[in-house]
Amino acid sequence: MSLAFYNTLTRRKEPFVPLDPKCVGMYVCGPTVYDSAHIGNARPIIVFDVLYRLLKRLYPAVTYVRNITDVDDKINARAKENKEPISALTARTTEAFHADIDALNALRPDVEPRATAHIAQMIAMIGKLLERGHAYEADGHVLFSVPSMPDYGSLSRRSQDEMIAGARVEVAPYKRNAADFVLWKPSSDDLPGWDSPWGRGRPGWHIECSAMSREYLGVTFDIHGGGQDLVFPHHENEIAQSVCAHGQPFARYWLHNGYLMVEGEKMSKSLGNFFTVRDLLDQAPGEAIRLAMLAAHYHQPFDWTAEGLKQARTGMDRLYLALRTVADIPAEGRDRVPFEVMAALEDDLNTPLAIAHLHDLATQLNKAVTTDEKAKCKGALLAAGDVLGVLQQDVEAWFRWVPQAGSALSDDAVDDLINRRIEARKAKNFAEADRIRKELADQGVLLEDGAGGTTWRRA
RNA sequence: GGCCGGGUGGCAGAGUGGCUAUGCAGAGGACUGCAAAUCCUUGUACGUCGGUUCGAUUCCGGCCUCGGCCUCCA
């Protein structure tokens, strides 16, 4: 089986051949740190985390770069609104972002560059664009000249005429062409700014990704990922900047995750269907959120629903339940991801199919008779979970998870009631035993009487 | 208007030119003091109209329909 991705650049699924098979480079657009991450932000985080985990299994080394945008007009506006220093806002938001993605089992990238730490590289790159005639100064700004690049628009497949026709925003008067975009803009004294050959100012939105990917991955690199909404203009402009500055190809494979909707509608604050990752982590364990997200192919539009999250949690329960039966048997071969799971993921990250195989593995485990069989099945299931980033926690911890807000019965109280029920059952007092079962059930605790005694879990 | 992506069984969601995933929910059975879990069995799915084909849900075309993007939202 070989690795293949749907490449937005060619609109086709293509075999993946890295530039350097010893080390694969991937860049994913990260968050602008002015607010809590919402579930729309979580999708690319989770999707590209699976890609990262997969690549790490297939190649000796992977360099995963995901930026932090910490200079942006939205940040400036929010800081002003909050009456807090920009640095405090970005530091706080970055920290919250890290906490959220850790809870979703997303591995940290190898490099997480901050835009403000790479202003010099951006200035150098803008200088190069000016030198090569792909940019011009106007009214304190430096703008990228779109007509200077004949094949501008190749990623999003739109012609320059179309863009001008479609422009629905008033065009700034200093632009030579309506499609031109800002590389550098002047900052007033109350705004963050850096000295540059064009005066004190700050970078435009797109230049940071061009500069930072160059810094850590080189001029040409393997994979660039992000949400579909970034295809135009962000990624298109990244390509323009990088290709024109270096005269060489930029990212070779472009992967974009589909849009995320909520209960069939576009997520927006005004519709009241806006959820942060934090909100969801209070409602369900991170792995359930993760499984819910991976239940659809990354390229498809995804409809986030409460029902879907519930189903994902039930699905995780099933997998952990299978593992619970073999808690005392050591896993065998955890380092070997089952072939079918790898094949599914290598085929353009088919996570729904991979999850189906996860369930097959759980069924096999449930049906396994000998200890040897069980050990192997357990290893296979855990290994499969490792590439998908699920089944990463202790089985009992999974079943003891309680929502943030809930005033759940303590674990000790549950154990106490279970012991009383065991006494009642010994005395054949089934009425009392059933009463206790009911009492616990009302508190969301399910009891399961098995050969090895009574176990419990929260539902 | 331009461009893009969808429409699969009760629900979610893969996939395939003929052998019809997977999970949840439903039905029946085994097991169980009860229950849960588990295992077994089970269900005339592929928007619509044409075309290509021995055969299409899968390929091609029209139509209907949903969603998105078109300058700073992942």
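Just so it is clear: chains get the letters A, B, ... in the order the sequence lines come, proteins before strands, and each one is counted from 1. Small disclaimer: the values here were computed from a predicted structure and weren't measured.
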K.L.:
Checking A:Tyr253 against A:His224: is there a side-chain donor and acceptor pair closer than 3.5 Å?
P.N.:
no
K.L.:
Could you check which of B:A74, B:G13, B:A37 has an atom nearest any side-chain atom of A:Asn257?
P.N.:
B:A74
K.L.:
Strictly distance-based, threshold 3.5 Å: is any side-chain N or O of A:Asp222 a donor or acceptor partner for the main-chain N or O of A:Gly25?
P.N.:
yes
K.L.:
I want to check one thing: is the phosphate of B:G15, taken as OP1 and OP2, less than 4.0 Å away from some side-chain N or O of A:Asn350?
P.N.:
yes
K.L.:
Between B:C40, B:A14, B:A37, spot the one nearest the side chain of A:Leu321, thanks.
P.N.:
B:A37
K.L.:
For B:C46 versus B:A14, give the span between their C1' atoms, rounded off to a whole number of Å.
P.N.:
12 Å
K.L.:
May I ask you to verify whether the side chain of A:Asp72 and the base of B:C72 hold a donor-acceptor pair under 3.5 Å?
P.N.:
no
K.L.:
Nearest to the side chain of A:Pro233 - B:U71, B:A37, B:A14?
P.N.:
B:U71
K.L.:
When the ring centroid of A:His235 is compared with that of A:His256, is the distance short of 6.0 Å?
P.N.:
yes
K.L.:
What is the separation between atom CZ on A:Phe232 and atom P on B:C73, rounded to the nearest whole Å?
P.N.:
14 Å
K.L.:
For the residue pair A:Phe221 and A:Phe250, is the inter-centroid distance of their aromatic rings smaller than 6.0 Å?
P.N.:
yes
K.L.:
Given a 3.5 Å cut-off on both pairing distances, which stems involving RNA chain B, each at least three consecutive Watson-Crick or G-U pairs, are present, if any?
P.N.:
B:1-7 with B:64-70, B:10-12 with B:22-24, B:26-30 with B:38-42, B:47-51 with B:59-63
K.L.:
Quick one: label A:Leu447 by what it contacts on the DNA or RNA (base, sugar-phosphate, nothing), any heavy atom closer than 4.0 Å.
P.N.:
base
K.L.:
Hey, does the side-chain of A:Asp434 have a donor or acceptor N/O within less than 3.5 Å of a partner on the base of B:G33?
P.N.:
yes
K.L.:
Taking B:U41 as the reference, what is the distance to B:U20 when you measure between their P atoms (whole Å, please)?
P.N.:
15 Å
K.L.:
Is the NZ or CZ atom of A:Arg425 positioned over A:Phe430's six-membered ring, under 6.0 angstrom from the centre and within 45° of the axis?
P.N.:
no
K.L.:
Scan nucleotides 20-26 of chain B against the protein and return all N/O pairs shorter than 3.5 Å with their distances rounded to 0.1 Å.
P.N.:
{"from": "B:G23", "atom 1": "N2", "to": "A:Gln311", "atom 2": "OE1", "distance (Å)": "2.9"}

K.L.:
Let's go through A:Leu353 and A:Ile355 carefully: what are the C-alpha distance in whole Å and the side-chain angles of both, what is the deciding distance for side-chain contact (heavy atoms from CB on, under 4.5 Å) to 0.1 Å, and is it a yes or a no?
P.N.:
CA-CA 5 Å; A:Leu353 188 57; A:Ile355 291 168; over 6 Å; no
K.L.:
Whole-Å distance between B:C3 C1' and A:Asp229 CG?
P.N.:
16 Å
K.L.:
Between B:A25 and B:C40, how far is it from one P atom to the other, in whole Å?
P.N.:
16 Å
K.L.:
Rounded to the nearest Å, what distance is computed from the CD1 atom of residue A:Ile289 to the P atom of nucleotide B:A12?
P.N.:
20 Å
K.L.:
If you assign A:Leu446 and A:Pro301 each to the RNA chain B nucleotide with the nearest heavy atom, which residue ends up on the more 5' nucleotide?
P.N.:
A:Pro301
K.L.:
Taking atom P of B:G5 as reference, at what distance in whole Å does atom NE2 of A:His297 sit?
P.N.:
13 Å
K.L.:
From CD1 of A:Ile418 over to C1' of B:A35, roughly how many Å is that when rounded to an integer?
P.N.:
14 Å
K.L.:
Taking the side chain of A:Met261 as its heavy atoms from C-beta onward, which of B:A37, B:G67, B:C69 lies nearest to it?
P.N.:
B:G67
K.L.:
Using a heavy-atom cut-off of 4.0 Å across all strands, would you classify A:Arg421 as base, sugar-phosphate, or nothing?
P.N.:
base
K.L.:
Ignoring hydrogens, what is the shortest heavy-atom contact between A:Ala296 and A:Thr351? Give both atom names and the distance.
P.N.:
O-OG1, 3.6 Å
K.L.:
Here's a test of your reading of the structure: between A:Ala295 and A:Asn41, which maps to the more 5' nucleotide of RNA chain B?
P.N.:
A:Ala295
K.L.:
Charged N to carboxylate O under 4.0 angstrom, A:Asp386 versus A:Arg53?
P.N.:
no
K.L.:
Can you check the distance between B:G15 and B:G47, where both ends of the measurement are the P atom (answer in whole Å)?
P.N.:
15 Å
K.L.:
Whether the side chain of A:Arg437 and the base of B:C34 hold a donor-acceptor pair under 3.5 Å is what I'd like checked.
P.N.:
yes
K.L.:
Taking only the C1' atom of each, what is the distance from B:U8 to B:G13 in whole angstrom?
P.N.:
9 Å
K.L.:
Give the rounded distance in Å between these two atoms: CD of A:Gln228 and C1' of B:C70.
P.N.:
14 Å
K.L.:
Among A:Asp317, A:Asp411, A:Leu446, which one satisfies side chain to side chain contact (heavy atoms under 4.5 Å, CB included) with A:Arg458?
P.N.:
A:Asp411
K.L.:
Please report the distance separating the C1' of B:U32 from the corresponding atom of B:G67, rounded so that it comes out in whole Å.
P.N.:
49 Å
K.L.:
Roughly how far, to the nearest 0.5 Å, is the CD atom of A:Glu112 from the CD1 atom of A:Ile68?
P.N.:
4.0 Å
K.L.:
Just to be sure I understand the rule, does A:Gln300 reach a base, reach only the sugar-phosphate, or reach nothing, if contact means heavy atoms closer than 4.0 Å?
P.N.:
sugar-phosphate
K.L.:
Taking atom P in both B:G10 and B:A27, compute the distance separating them and give it to the nearest angstrom.
P.N.:
16 Å
K.L.:
Figure out the CZ/P separation between A:Phe274 and B:C73, and round it to whole Å.
P.N.:
12 Å
K.L.:
Give one of base, sugar-phosphate or nothing for A:Gly226, where a contact means two heavy atoms less than 4.0 Å apart.
P.N.:
sugar-phosphate
K.L.:
Going by heavy atoms in the side chains, are A:Asn82 and A:Arg92 under 4.5 Å from each other?
P.N.:
yes
K.L.:
Any ion pair linking A:Asp449 and A:Arg437 (charged N to carboxylate O, less than 4.0 Å)?
P.N.:
yes
K.L.:
In whole Å, I'd like the distance from the CD atom of A:Glu448 to the P atom of B:C39.
P.N.:
13 Å
K.L.:
On a whole-Å scale, what distance lies between the P atoms belonging to B:A56 and B:G51?
P.N.:
11 Å
